[in-house]
Amino acid sequence: MANSVPASLRPFNTFGVEATCNELISFNDEESIQSWLKAEKPALDSLFILGGGSNLLLLGHIPLTFLQASIQVINYMEQQAGDDVLVTVGAGVNWHQLVLDSLNKGYSGLENLSLIPGNVGAAPIQNIGAYGVELKDRFVSLRAVELASGDVREFSAQDCQFGYRDSIFKRALKGRYVITQVTLRLNKHSQPHIEYGPLKQMLADETAITAKQVSDAVIAIRQSKLPDPAQLGNAGSFFKNPVVTEEQFQTLHDAFPELVAYPVGDKHYKLAAGWLIEKAGLKGYREGDAGVHDRQALVLVNYGQASGDDILRVAKRVRDKVLELFGVNLEPEVWIIGKQQIFPS
Ligand SMILES: Cc1cc2nc3c(=O)[nH]c(=O)nc-3n(C[C@H](O)[C@H](O)[C@H](O)COP(=O)(O)OP(=O)(O)OC[C@H]3O[C@@H](n4cnc5c(N)ncnc54)[C@H](O)[C@@H]3O)c2cc1C
């Protein structure tokens with residue numbers, strides 16, 4: 001266990017904004033999280049769980065204790081019968097390192113989720129997804145420590161109530177558990193998912209497509225489309241793609257025939273938030289060092305010295321303009337953490 005009062009949280013968030021907290025405590029195993037909680041009995045509202053900081057907007061001084069589960073274990077278990085391999089991974093393992101490690105071992109299943117920043121422990125929180133695959137498609141179970149009691153609980157996929165960028169940990173159990181370990185199902189033989197448009201095009205000429213090829217293609221597409229946080233501070237998609245009713249979709253489609261939308265479930269449509277923002281004329285919009293990326297309108301960026309509040313101001317401008325023009329409310333995908341939460345997450 002390592003305790004510190006970091007002078008700056010800038011290295012701990014991919015927006016690269018300046019922020020501070022009361023204390024940061026890093027744990028290398030589940031038992032030390034349990035014993036610390038049982039000994040200290042901290043108030044729940046005095047804690048925040050930090051992963052890799054790639055889905056956060058931090059606002060100035062945050063008067064909380066940040067806890068980090070830095071558990072670094074990867075264990076593969078090939079199943080005797082069939083094609084399955086179970087992998088159990090510590091919460092502190094970098095997600096993309098896990099993807100590469102599993103591919104190097106010859107196992108497939110995570111290739112579409114290549115290059116998503118952040119740690120394994122955060123992956124179930126919003127059911128990370130990309131290029132037609134979501135964590136839930138590979139998820140078996142997770143272990144988590146309850147902050148209030150220090151007790152360990154195991155969660156099945158059903159317990160997690162996964163949805164689009166959603167799980168029970170964003171709703172009923174928000175801020176109640178620290179995830180320590182995740183178990184996923186991989187395959188010994190490749191079963192590629194390349195239905196997603198750009199991926200299909202890129203691999204169109206290949207015959208026997210390997211998981212490594214899919215991963216390389218995903219990495220190439222992502223690098224061409226998304227700014228690298230190491231070069232330009234950002235937290236990926238700032239807003240979720242809004243889901244509207246068929247009626248709302250029809251009204252919008254009549255007014256904007258070029259509207260980008262996909263049918264989801266029964267009588268609902270998912271709108272491309274990036275398209276709405278671009279159509280609102282805000283692609284490349286900038287206020288000082290905070291702005292909307294000039295190639296990817298769904299991504300807000302820190303051009304250098306923007307504060308969390310500067311970025312939040314731009315986010316509000318985007319949300320208000322989209323609401324005014326289309327009557328659609330954009331909700332943040334990013335967690336906004338400060339003295340108070342301004343957007344619902
Ligand atoms: C360039 C870029 C591209 C991205 N692309 C995608 C994408 O394609 N798909 C996608 O789904 N996401 C994407 N994201 C968002 C981000 O990568 C994911 O949300 C990721 O899972 C966040 O992981 P993290 O460790 O950085 O979590 P953090 O940002 O540190 O935390 C996010 C949330 O998870 C909670 N949390 C973190 N660790 C734990 C834990 N161990 N136990 C309990 N709660 C915890 C935090 O309290 C917070 O609420 C992208 C981000 C960037 C910067």
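Basis for what follows: all heavy atoms, side chains included, without hydrogens, waters or symmetry-related copies. Atoms within a ligand are numbered from 1 in the order they appear, just like the ligands themselves. None of the values given here were measured: they were computed from a predicted structure. For the single chain, residues carry numbers from 1 onward in sequence order.
- Considering backbone and side-chain N/O atoms, L226 never comes within less than 3.5 Å of an N/O atom of ligand 1.
- For atom 7 (C) of ligand 1, the nearest protein heavy atom (residue, atom name, distance) is G129 O, 3.6 Å.
- For K212, the NZ atom sits in a loose shell: 12 or fewer heavy atoms of surrounding residues, nucleotides or ligands are nearer than 6.0 Å.
- Between G53 and ligand 1, a contact under 3.5 Å exists for at least one N or O pair.
- If you run side chain to side chain donor-acceptor pair (under 3.5 Å) between D83 and each of R185, H189, K188, only H189 comes through.
- Judged by distance alone, the side chains of D101 and Y76 do bring a donor and an acceptor atom under 3.5 Å apart.
- Taking distance alone, with nitrogen or oxygen atoms compared against 3.5 Å, P229 stays at or beyond that limit from ligand 1.
- Side-chain contact, S108 with Q191: no donor N or O sits under 3.5 Å from an acceptor N or O.
- With sequence neighbours excluded, no residue forms a salt bridge (Lys or Arg N to Asp or Glu O under 4.0 Å) with R176.
- Annotation: atom 27 (O) of ligand 1 to nearest protein heavy atom, A122 CB, 3.3 Å.
- For atom 29 (O) of ligand 1, the nearest non-hydrogen atom of the protein is N55 N, 2.7 Å.
- For Y164, the ring pair (Phe, Tyr, Trp, His ring centres under 6.0 Å) test picks out no residue, with sequence neighbours left out.
- At a threshold of 4.0 Å, the pair K38-D151 counts as salt-bridged, since one of the basic side-chain nitrogens sits closer than that to a carboxylate oxygen.
- Between the choices K225, Q126, R222, Q68, the shortest heavy-atom distance to atom 5 (N) of ligand 1 belongs to R222.
- Remark: aromatic rings of F66 and F12 are distant, center separation not under 6.0 Å.
- With a 4.0 Å cut-off on non-hydrogen atoms, A235 touches ligand 1 through its backbone and not its side chain.
- Atom CD of E247 is surrounded by 12 or fewer heavy atoms from other residues, nucleotides or ligands within 6.0 Å.
- Those atoms of ligand 1 that come under 4.0 Å of a heavy atom in A130, given as number and element, are 8 (O).
- The shortest N or O to N or O distance between G118 and ligand 1 is not under 3.5 Å.
- Proximity of F48 to ligand 1 is established by a heavy-atom distance of less than 4.0 Å.
- Of the protein's heavy atoms, G236 N, 3.2 Å lies nearest to atom 52 (C) of ligand 1.
- Remark: minimum distance from atom 22 (C) of ligand 1 to any protein heavy atom is reached at S54 OG, 3.3 Å.
- If you check which protein heavy atom lies closest to atom 17 (O) of ligand 1, you get P117 O, 2.8 Å.
- Summary of contacts: the protein heavy atom closest to atom 25 (O) of ligand 1 is G52 N, 2.6 Å.
- Within the structure, ligand 1 lacks K174 among the residues with a heavy atom less than 4.0 angstrom away.
- Scanning the protein heavy atoms around atom 45 (C) of ligand 1, the nearest turns out to be I49 CG2, 3.6 Å.
- Using a non-hydrogen distance threshold of 4.0 Å, Y177 registers as a contact of ligand 1.
- Between the CD atom of E333 and the CG atom of N55 there is a distance of 5.0 Å, given to the nearest 0.5 Å.
- Donor-acceptor pairing under 3.5 Å is lacking for the side chains of E30 and Q181.
- With a 4.0 Å cut-off on non-hydrogen atoms, N119 touches ligand 1 through its backbone as well as its side chain.
- Checking side-chain atoms of W95 against main-chain N and O of A122 turns up no donor-acceptor pair under 3.5 Å.
- With a heavy-atom cut-off of 4.0 Å, N234 touches ligand 1 through backbone and side chain alike.
- Between I128 and ligand 1, not a single N/O pair is under 3.5 Å apart.
- Here atom 42 (N) of ligand 1 lies nearest to I179 when heavy atoms of N127, T180, I179 are compared.
- The distance from the CD1 atom of I336 to the CG atom of L58 is 10.5 Å, given to the nearest 0.5 Å.
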